[in-house]
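Treat the numbers as computed from the prediction; the structure is a model and nothing was measured.
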Amino acid sequence: MECAENDCENEAAVRLHVPWAENREVCTAHARVLARQDGVVAEPLEDVEWR
């Protein structure tokens, strides 16, 4: 599964629970940035090999 962010072809590794929008699966790089917003919760996806 690819990262949900535009123009990103990395593998999704984290599900972001976003209170004001739909949940989405993103790569680790985008998760590090987006999870810093108040209310956003990052959950690692199962069956993903972490690098």
Side-chain angles (χ1 to χ4, degrees):
M1 174 183 341
E2 274 190 19
C3 178
E5 293 300 301
N6 292 335
D7 299 325
C8 183
E9 297 178 1
N10 293 330
E11 181 182 3
V14 178
R15 176 174 293 117
L16 294 180
H17 297 277
V18 184
W20 58 87
E22 289 188 29
N23 296 341
R24 58 184 181 238
E25 288 78 30
V26 296
C27 66
T28 55
H30 281 110
R32 275 191 293 262
V33 174
L34 297 170
R36 292 181 181 178
Q37 298 177 43
D38 283 343
V40 175
V41 177
E43 172 190 2
L45 295 174
E46 294 181 20
D47 302 326
V48 173
E49 185 177 322
W50 288 79
R51 300 180 225 168

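A pairwise comparison of heavy atoms in Trp20 and Asp38 identifies CZ3-O, 3.3 Å as the closest pair. Contact record, Cys3 with His30: SG-ND1, 3.5 Å, taken as the closest heavy-atom pair. Residues Ala12 and Val48 approach most closely at O-CG2, 3.9 Å, considering heavy atoms.
To the nearest 0.5 angstrom, Glu43 atom CD is 9.0 Å from Glu25 atom CD.
Residues forming a side chain to side chain donor-acceptor pair (under 3.5 Å) with Asn23 (at least two apart in sequence, or on another chain): His17. Shown here are the side chain to side chain donor-acceptor pair (under 3.5 Å) partners of Arg24, two or more places apart in sequence or in another chain: Glu5.
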